[in-house]
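Structure record follows, encoded as structure tokens.
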Amino acid sequence: MSEGKDRRGRELRVKIGGEAGFGIKSAGQTLARVFMDAGLNIADLTEYPSLIRGGHNNYFLRVSKDPVFSHVEEVDVLVALNRESVDLHLDELVEGAAVIFDPADVSTTGWLPSGKLRPVPVPLKEFARQAGGTIMRNTVALGAVLALVHFPLEGLAESLREQFAHKAPEVAESNIVAAALGYQYVSQNVPDFWLKPRGIKGAPKRLLIDGNEAIGLGALAAGIGFYAAYPMTPASSILHFMAKHERDHGVVIKHTEDELAAMNMVVGASFAGARAMCATSGGGFALMNEALGMAGVSESAVVVGVITRPGPATGLPTWTEQSDLRYVIHAAQGEFPRVVLAPGDQAESFELAWKAFNLADQLQTPVIILGDSYLSDNRRSIPYPDLDSITVDRGKLVTEGDVAPHPEALGGNGEYLRFKLTEDGISTRVLPGVEGALQLGNSYEHDEYGYGQLGEPAETRIAQNEKRMRKLDLARTLVPGPNYFGVAPADADISVLCWGSTVGPLREAALWLAEEGVAVAIMQVVTMWPFPALEVADFIGDAKRTMIVEGNFTGQLQGLVREQCLLDVDHSLHRYDGRQFSPERIVAGIKEVLADA
Amino acid sequence: MSEGKDRRGRELRVKIGGEAGFGIKSAGQTLARVFMDAGLNIADLTEYPSLIRGGHNNYFLRVSKDPVFSHVEEVDVLVALNRESVDLHLDELVEGAAVIFDPADVSTTGWLPSGKLRPVPVPLKEFARQAGGTIMRNTVALGAVLALVHFPLEGLAESLREQFAHKAPEVAESNIVAAALGYQYVSQNVPDFWLKPRGIKGAPKRLLIDGNEAIGLGALAAGIGFYAAYPMTPASSILHFMAKHERDHGVVIKHTEDELAAMNMVVGASFAGARAMCATSGGGFALMNEALGMAGVSESAVVVGVITRPGPATGLPTWTEQSDLRYVIHAAQGEFPRVVLAPGDQAESFELAWKAFNLADQLQTPVIILGDSYLSDNRRSIPYPDLDSITVDRGKLVTEGDVAPHPEALGGNGEYLRFKLTEDGISTRVLPGVEGALQLGNSYEHDEYGYGQLGEPAETRIAQNEKRMRKLDLARTLVPGPNYFGVAPADADISVLCWGSTVGPLREAALWLAEEGVAVAIMQVVTMWPFPALEVADFIGDAKRTMIVEGNFTGQLQGLVREQCLLDVDHSLHRYDGRQFSPERIVAGIKEVLADA
Amino acid sequence: MPKVADFETALTPTWCPGCGNHAMWRALKETLEELELPWTDFAMVWGIGCHGNGADFFRCQGFHSLHGRALPVATGIALSNPDLKVIVEMGDGDGYGIGGNHFIHSVRRNIDMTAIFHNNQIYGLTTGQASPTSDQFMKTPSTPGGVIEEPVNPVGVAVAQGATFVARGFAGDIPHLKELYKAAIQHEGFAVVDVFQPCVTWNKMNTFKWFRDRVYKLEELEGYDVTDRTMAFETSMKTFHELTCAPDECKVPIGIFYREEGAATYQDDLPQLKAPLYKLAEKPRDISKTLESYGG
Amino acid sequence: MPKVADFETALTPTWCPGCGNHAMWRALKETLEELELPWTDFAMVWGIGCHGNGADFFRCQGFHSLHGRALPVATGIALSNPDLKVIVEMGDGDGYGIGGNHFIHSVRRNIDMTAIFHNNQIYGLTTGQASPTSDQFMKTPSTPGGVIEEPVNPVGVAVAQGATFVARGFAGDIPHLKELYKAAIQHEGFAVVDVFQPCVTWNKMNTFKWFRDRVYKLEELEGYDVTDRTMAFETSMKTFHELTCAPDECKVPIGIFYREEGAATYQDDLPQLKAPLYKLAEKPRDISKTLESYGG
Ligand SMILES: Cc1ncc(C[n+]2csc(CCOP(=O)(O)OP(=O)(O)O)c2C)c(N)n1
Ligand SMILES: Cc1ncc(C[n+]2csc(CCOP(=O)(O)OP(=O)(O)O)c2C)c(N)n1
Ligand code: SF4
Ligand code: SF4
Ligand SMILES: [Mg+2]
Ligand SMILES: [Mg+2]
């Protein structure tokens, strides 16, 4: 915790802790929305076990007028809905932190006398009961938090109406009453608190979304027609998102019997011309491998979300890790081109999602969006996207009419060649239903028509294999490049490589280190495959001292760097306990490395 | 073909070509057995399409008094059962090669007048009909081949009786008659041929087996109890082999509903203490991934055969390729230790198969045997194995009785800890049924007992994850090292790395090159994972000029070398048309490289 | 409208001479010709197996998918383009073995498509292992001691799972098979057509003759009511045959076992599926209203 | 012999208060106590779902396997050690959704084991999506417009597939459930026990009360014959219920639907499975005779 000490007071960090199954997350998100709507920046983090009830849940919320890139370890205000929450989070509390609790639930032995803390007892349950039911004690607590930090209550009413929009209107209204009771009580009974965040007037419009919502929104924007999935944490919420919008946006959603079906349906949907996607986590992806290869050899445009969690096997379903990078790059027998995109935050999730559909269509091959729990489950306030910049590029595709006006799709004899050999590896797709073109998708190796038996001669195999693999060259010209943050590597004390959601805490850490005079260069690899070897080699080449920060045991990005660049980094920082790096950890890690230098 | 010119006359190379579905392979194998039983060395190669009937099949047989390591491209005697066989294989025939054919089936236009060839017309069908049925025309041809090369007929009768052992005795006897008719005819009508292989008296006992039979025999020797599989070319013959022996060796065989079931059953069988194995090809392995990870996290001792074919997806089912190396190394979500063994030939297949079971038990983690069609489908004569050297090492395992006398398996409170933290990463397995030990296998992360909920705290996760990964260090001390052939790298004009079945043609090529004064050093990586980085680095470090020969497009071994050794080789030779390298191709490839040097 | 000969490619079928697949294909081509289905209006999907090799000989729009996965691929097509009739061909290993889960779930969805099963009671393409419909005691390379499981009862399972059309044909009776194909393709809902397709190479027991001696037609059976689910179930339990049973001891019913008209199909319940879904991707979708609930 | 309390671990069950899983567990513990099964003689296998979390609370030998794969893991155990009784617990998504194929094939194998399905008609652990047994029109996060598929009919499918024991229980009637458990565990063959297990958190329709108002017992039904497969089938078709139907309009039968005694189990047909298979690996197997046919 020492690394963040001097950050106290610059922002508001709230944690709500309690037993699983009590709606802590949705309460927290409601609070988050109040602050965002007031123009402040938000990052949240929910932690929960893979249980419906029992076990400890907690919701962390960070609010600042400056941009925020991740959660942090420190907490200014703890709402402890049970005693366990105090015990588990005591270490995280800064000096003078407030602990809001209901004396009826939370025993005060052990921690109360601690001079460093500010206990704020509130009869949460009692107020909730008064408002209509003890289930609303979270809402009472939200009122209490706002009052404590002298933030206006009004926003909360609106936010509660949003939260309970799909319930009877009385529900929202009782909750508003509950919040008001908590607010009043604290305003009247608790002396001045040292943190008083202020809203920002006229702040630009933003969105408060998690990574999965961002992916779902991106897919909608891209014109998705078909989405199939089997629920799997942490990918299920994409299914929920898409299902919620099936009617208003006309998407066909299928909750399938298993992930085998989901991926195979997506290949079928793509054959029929729909923009099609499925998403899952590692275990479901395992069941999709074979059909992923089929998408590769049949040159199907498909988008596959792989939102990872710690493995192996069932692993730790509700926690986060970055240990499936190599798996998604090498999954499925045989060799075929694929694109793997790893968004670093919610804004990038949105952008890469719609771009993934264009890439899939342009390359006629699977595009994987590789996320993780940290990104998918947690919300950040992001700039309102520039909707006008979104494009739909379906690549070489004929959807309707007759094939005759498309001679580039035809062979010498005037027949349609689905897998016509071309310089860039892309043949023209003609959808079923177009006159004059009979297309055969095939999981076998095949000739230009698609016939499997004719795919067996050595020359045909070589030609089709090389044709497909040429797409990787084209892909290199189309995929998003790496992101760079902080100073240039030549000017940096340390140059750090990362990928995926780790970039958040790393950027945060870099800002903090900058304040202490340590210059950090960051390179976030975004397109993991085809790997940007030249850019990485340049970054490492320019750097004085290099490091990789990644959330796994074996160093999967590092392995790629070694393999693709024949270079290594000087240091690496790993985490594989299911938790995301905090900026504090990274700051400490970097300082340690620099101290040894 | 130029590379092998001067090899003509040193050995006998026979090819039998004809339409699929006419038993060409079994006829060829019968012939092979005649020569092996006479003390000669054998390598064969069958090529066939993924069809039951129609399409071209061919069987190639190489016979020599010297050791042989692979097929070659040249053919001395072609048995052409149809005209297509002549057309397809004309290029392979050496000067003076004989073409045995039935004028009733094979037109003689185009090739007959060629002064370079020796046409041997034989009324195959007619003789077969005389012997009892035209189906025996292959057998007539076998007699013809033996007569042509002046080899005694006697061995063939015995070999035919073996081939038809499971049929009515008349079948063998009619075939013997058919063979004799062909033999007689050629002896009487065909002038002296220039190749006359002689048997070797008193040659040591050998086996004529293909890679899959070798794996099956190794598994039997290891004491396998349970084998489950779903048929998939080219792995199916392991299932057939095991099924054939289920009764005499007491193995439980299950042809399952799919590969998901096969792998999961194997994990269950391992939990119950059986030595258990499954095998498949890439597409079936895709369906096994999730359970492979479960074997990893639940620390199950399982052996998985992955016998590859060209992909992606259904690909080219009956052809060969080495394109799943990275897939088997990275398959399944999350990180866990595994061992990947890639036998280079049939003798090694046998040895690695029984060793795989020991490694699986010692390491309590999945061991993969990675083969390919070339190895699994084709036979070689190998030395009779030293059965006394075979060991069974079940590692830390308690099978019966009471757990009390095994304090190393217990926690401080006297309770059994299935996942007890140990220095080498291995905990004592106690089988269900042993008194006093209640073991919980788990696909979730877990604590030392196996409880999933208690696997969620960061410390437990870290401890169990690191415990499992420590097994890789132990594995390094147990796994077979690389094989070296030819001269030492320092003395070599070129030092070549390879893995799996490619070593055969490479060794052959090295012998040929040695005759021309080119010194080749060969390193065959046998344990692909954990990767022998030190040995490879030494080999490359000592070499003047390096090369990798592998049967894939992307250079998967090369990628591993780059990643694991931070070194690259100077050259690489790839093949990805479904065919194995011939020694000729490799000789040409190496010469080309050296010419450029 | 394409005629029988138009459905043929330049490739000669590689099925073994005498294989039941030839007859099944002929029946389907004739059916399509008679139904006057233009090429643009239907799509075929094949699994992997001997049956699937038909993809190379059959000139049409289609997808030769994975072993066991033809139904989900077909479902993806059917749920993305309501203008296409989708016809799926599967093997018995393919459709009832590795693909068995998709079978049950496709039935309960009542997806509007036709599912044809090439039931040769054997794994043809992988050289003769037992299939899930192999008769008990059948000896094969994977069951040298004989099959010890009950065969899958596709008719009974489909009927129990709420199927709206279940029929069984025999490759030895093309005119009858064509009637089944026609009814199945015209049926609105998921139509199951299991076809006894003798494999002359590997299955030496369930031969053409074996079936010819035993099959009888449900439509000729007095009192058979195709709308009676229980009758269909009971009859399905009689279709199990033993390898050794005499022709008059074990009769094998073929024909339509069960048919329910008018049940809603899966597609009927998807109001958003009025036009092919590719039309949704002609330009970026306007999501501004959707963004509102996220603060936008 | 372990008693009910001995089957408990130090961990407190994390199932929601009032969840049907509590009752099912209690019934099973009591059954095991009454059957006097020592710990050494049985092994549990769980799939993944709320039901599977029971692995943490249940002191016994067992394996907490993968989602949908409990049956093959259990099969591997059962076919490797004939001395173990194997009891499998699955969810409805787990056992009939993703694991549906293993369900059919385990049934037709008649493997000697007990398969208990925690049928809460919902995906509990993944927060309330529709399951394959969800009633039609049920609205869930994955089916906001309502389920449009027929529910899986596990009883009917099992019966059609040749099952030798099929029962249905209700978590709200522990004594009755215990009888089913006992009969199932004692049954020689594959015993299917589907249990209505109300999920109080996500499934607000099929509640304890909902079932209490509707269940009746087959053993109390006049003329019900548990050896009549057709009757079992017909009755299974009556177990479909609609979310909105009144208690007297839709009755839900529980009890033993079908039982066939004396059928050979899969294990019976494996003469090589006389002792646990680990005994085969005490020393290297002598393969010298086998090598002979390869020239050795
Ligand atoms: C995942 C997977 N497993 C196994 C195979 C190998 N395979 C191809 S066809 C086939 C079975 C063929 O039997 P069936 O489905 O009955 O079709 P048939 O050949 O009899 O028409 C198998 C096992 C495969 N292609 N993919
Ligand atoms: C391959 C795979 N896909 C998805 C999941 C996620 N998952 C875990 S439990 C579950 C469903 C739970 O429903 P059910 O089987 O009915 O059990 P319940 O929780 O209701 O007891 C799912 C989809 C998984 N663990 N593995
Ligand atoms: S093997 Fe059997 S099913 Fe396959 S083509 Fe030949 S006869 Fe037909
Ligand atoms: S979510 Fe439902 S099934 Fe799961 S524990 Fe709670 S009540 Fe039981
Ligand atoms: Mg078949
Ligand atoms: Mg459930």
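In the text below, chain A, chain B and the rest are named by the order of the sequence lines, each starting its count at 1. For clarity, every value in this text was computed on a predicted model and none was experimentally measured.
- Judged purely by distance below 3.5 Å, without hydrogens or angles, the side chains of H249(B) and T290(D) pair a donor atom with an acceptor atom.
- With a 4.5 Å cut-off on non-hydrogen atoms, V266(B) does not touch chain D at all.
- With chain B as the partner, the residue from G68(D), G52(D), S80(D) showing the most heavy-atom pairs under 4.5 Å is S80(D).
- In this structure, the portion of L387(B) lying under 4.5 Å from any heavy atom of chain D is its side chain and not its backbone.
- Between the side chain of Q61(D) and the backbone N or O of G433(B) there is at least one donor-acceptor pair closer than 3.5 Å.
- Ranked by heavy-atom pairs under 4.5 Å with chain D, the first of V251(B), D393(B), V434(B), T256(B) is V251(B).
- E162(B) touches chain D through its side chain: at least one heavy atom from C-beta onward sits under 4.5 Å away, while N, CA, C and O do not.
- In this structure, chain B has no heavy atom under 4.5 Å from any part of F42(D).
- Between the R285(D) side chain and the I224(B) main chain, a donor and an acceptor come within less than 3.5 Å of each other.
- Both the backbone and the side chain of L79(D) have a heavy atom closer than 4.5 Å to some heavy atom of chain B.
- Most heavy-atom pairs under 4.5 Å with chain D: of the set P385(B), P432(B), G293(B), this distinction falls to P432(B).
- Atom CD of Q272(D) is surrounded by more than 12 heavy atoms from other residues, nucleotides or ligands within 6.0 Å.
- If you measure heavy-atom distances from D361(B) to chain D, you find no contacts under 4.5 Å at all.
- Residue with the most contacts toward chain B among T14(D), T9(D), L11(D): L11(D) (heavy-atom pairs, distance under 4.5 Å).
- With a 4.5 angstrom heavy-atom cutoff, S288(D) touches chain B via backbone and side-chain atoms both.
- Contacts between A214(B) and chain D at a heavy-atom distance below 4.5 Å are absent for every atom of the residue.
- With a 4.5 angstrom heavy-atom cutoff, R33(B) touches chain D only via side-chain atoms.
- Comparing L454(B), L220(B), L208(B) by heavy-atom pairs within less than 4.5 Å of chain D, the highest count is held by L220(B).
- Only the side chain of L270(D) comes within less than 4.5 Å of a heavy atom in chain B; its backbone stays farther off.
- In this structure, Q453(B) and D56(D) approach most closely via the heavy-atom pair N-OD2, 2.7 Å.
- Counting heavy-atom pairs closer than 4.5 Å to chain B, the top residue among K279(D), H67(D), E282(D), K274(D) is K279(D).
- For Y416(B), no part lies under 4.5 angstrom from a heavy atom of chain D.
- At a 4.5 Å heavy-atom cutoff, S389(B) makes no contact with chain D through either its backbone or its side chain.
- Contacts of F58(D) with chain B are absent, with no heavy-atom separation under 4.5 Å from either backbone or side chain.
- In this pair, F63(D) and F271(B) present their aromatic rings perpendicular. The plane angle is above 60°, beyond the 30 to 60° band.
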Side chain to side chain contact (heavy atoms under 4.5 Å, CB included) between L260(B) and L66(D), intermediate numbers included: CA-CA 11 Å; L260(B) 296 159; L66(D) 293 172; over 6 Å; no

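- Contact annotation for A74(D): neither backbone nor side-chain heavy atoms come within less than 4.5 Å of a heavy atom of chain B.
- There is no contact between P38(D) and chain B, counting heavy-atom distances below 4.5 Å.
- In this structure, chain B has heavy atoms under 4.5 Å from both the backbone and the side chain of P284(D).
- Most heavy-atom pairs under 4.5 Å with chain D, from the set E290(B), M36(B), H446(B), R275(B): that is E290(B).
- Heavy-atom distances place no part of A228(B) under 4.5 Å from chain D, backbone and side chain included.
- With a threshold of 4.5 angstrom between heavy atoms, A222(B) approaches chain D through N, CA, C or O but not through any side-chain atom.
- Chain B forms more heavy-atom pairs under 4.5 Å with one residue of E292(D), R69(D), H105(D) than with any other, namely R69(D).
- For chain D, the option among A269(B), G450(B), G225(B) with the highest count of heavy-atom pairs below 4.5 Å is A269(B).
- Salt-bridge check for R59(D) with E415(B): passed, with a basic side-chain N closer than 4.0 Å to an acidic carboxylate O.
- I104(D) does not touch chain B: none of its heavy atoms, backbone or side chain, sits under 4.5 Å away.
- For a residue to count as touching a neighbouring chain, one of its non-hydrogen atoms must lie under 4.5 Å from one of that chain's; by this rule S270(B) does not touch chain D.
- For E213(B), the part lying under 4.5 angstrom from a heavy atom of chain D is the side chain only.
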